[in-house]
Enquirer: 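Quick one: the structure is below, and I'll ask about it shortly.
Fair warning: this is a prediction, and the values are worked out from it, not measured in the lab. Here is how names work: the chains are called A, B, and so on, in the same order as the sequence lines, proteins then strands, and each is numbered from 1.
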Amino acid sequence: MTPFATRLLAWYDAHGRSGLPWQPTTPAPRDPYPIWVSEIMLQQTQVATVIPYFERFMARFPTLQALAEAPLDAVLAHWGGLGYYARGRNLHKAARQALTEHGGLPREIDALQALPGIGRSTAGAILAVAYRQHHAILDGNVKRVLCRFHAIDGWPGQTAIAQRLWALAESHTPVERVDAYTQAIMDLGATLCRRNRPECTACPQQGECRALAEGRVAQLPNPKPRKSLPEREATLLIIEREDGGLLLEQRPPSGIWGGLWSLPELTQESEAFCRAAGLELLDQTPLAPLRHTFSHFHLAIQPLHLRVREAKAPPIMEPGTRLWYKPDTINQLGLPSPIRTILDRLTTNP
DNA sequence: AATTCGTGGCT
DNA sequence: TAGCCAAGAAT
């Protein structure tokens, strides 16, 4: 056990976080299923955001079998609003794959990492926490701690920097209490070694931290070099049927909001579609425009209100890609947050 | 190997 | 407040 790990575990025993819904209450070995679900949800997502999603998800899919037997739509409905929807699709796919190929979640690191959505860090975390297997993790918290402790310059996303960090993470990870250590190193990064306003005076590593000694804590880890984001405008059609039904489209399985349901976007094709379907333009500004920033562009959404002129509804173009949505079924669909916001406003504010 | 995937909180 | 960032993985 290195002095780094010894100090960290002593601090963790006194000050580590506890009571999070996915944290085990029994000694290893533990059921890896809830650990896996939480690790996927927590990818690039903060703890406070995940908690209500985790509770709902585990209530609806309490076991690996329940998840594997559920339709993808039900999984995405529980993921709606959480973001990074490939995680939900991969989670569902991995559940079925693990069950058929291994009869459950595999205990071998290579087999586990071969499942969709499980990378090196997530596989290590699951096996370390569930079975006390000796694997390192390297998430955003660990990267921040290690960049500061060793005063590593360069953006951690660079391959060369990440390789150095993985080697350091493995060198620090102890054989004993690896489950506690895995939680502890993340707790340190989340509660003390934060990006902003770190509490170095309470840190168990303050005596050996190179960034602290050199007065460079605020500059490490080095930020990602950013490019200015292009803007894209989209007009979303709010097509209302006589009975109040709204036309929704299922987006393609890959790309932004993949597999989720959205208001159809106005294109040249959809203009012709609306004319052919007898759709009448009511007004252009029923709702204020919505602005969103994604990782690679800004999006300005301008809803456009249309109404079906006659009783005849637009034809279903491709099976499963369009449906008339009834507001009382909102919880059964996977909806991205901006779309849910629009639908909420429409139903509460007609 | 750099980019692409969301959303909400923070300053 | 506009940009930065967070329990990463897939491509």
Enquirer: With sugar-phosphate meaning primed atoms plus P, OP1 and OP2, does A:G157 contact a base, only sugar-phosphate, or nothing at under 4.0 Å between heavy atoms?
Expert: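 Here A:G157 touches no strand at all.
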Enquirer: Between A:P116 and A:R226, who's closer to the 5' end of DNA chain C by nearest nucleotide?
Expert: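 Final value for this comparison: A:R226.
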Enquirer: Does A:Y84 make a side-chain N or O approach to OP1 or OP2 of C:dA10 shorter than 4.0 Å?
Expert: no
Enquirer: Name the closest nucleotide to the A:T49 side chain, picking from B:dT11, C:dA7, B:dG8.
Expert: B:dG8
Enquirer: On DNA chain B, compare the nucleotides closest to A:S254 and A:Q158; which residue's is nearer the 5' end?
Expert: A:Q158
Enquirer: For C:dA7 and B:dT11, measure between their P atoms and round to the nearest Å.
Expert: 15 Å
Enquirer: Within the 4.0 Å heavy-atom criterion, would you say A:L260 contacts the bases, only the backbone, or no part of the nucleic acid?
Expert: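 No contact at all - A:L260 keeps every heavy atom at 4.0 Å or more from the nucleic acid.
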Enquirer: Can you measure A:I40 atom CD1 to C:dA10 atom C1' for me and round it to whole angstrom units?
Expert: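 After rounding, the gap between these two atoms is 12 Å.
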Enquirer: Any idea which heavy atoms bring A:A136 and A:E170 closest together, and the distance?
Expert: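 Closest approach of A:A136 to A:E170, heavy atoms only: CB-CG, 3.6 Å.
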Enquirer: With heavy atoms under 4.0 Å as the rule, sort A:R144 into base, sugar-phosphate or nothing.
Expert: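 Sugar-phosphate: the residue A:R144, judged by heavy atoms under 4.0 Å, touches backbone atoms but no base.
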Enquirer: Counting the atoms with a prime plus P, OP1 and OP2 as sugar-phosphate, which does A:P225 contact under 4.0 Å by heavy atoms, base, sugar-phosphate, or nothing?
Expert: nothing
Enquirer: For B:dG8 versus C:dT1, give the span between their C1' atoms, rounded off to a whole number of Å.
Expert: 15 Å
Enquirer: Any side-chain N or O of A:Q43 under 4.0 Å from OP1/OP2 of C:dA7?
Expert: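 Answer no for this pair, as no side-chain N or O of A:Q43 is under 4.0 Å from OP1 or OP2.
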Enquirer: Heavy atoms under 4.0 Å, any strand shown: does A:K227 hit a base, just sugar-phosphate, or nothing?
Expert: sugar-phosphate
Enquirer: Between B:dT3 and C:dC4, how far apart are the two P atoms, rounded to whole Å?
Expert: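 The answer is 15 Å between these two P atoms.
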Enquirer: If you pin A:P223 and A:T122 to their nearest nucleotides in DNA chain C, which one's is more 5'?
Expert: A:P223
Enquirer: Does A:R56 qualify as a cation-pi partner of A:Y53, given the criterion of NZ or CZ under 6.0 Å from the six-membered ring centre and within 45 degrees of its axis?
Expert: yes
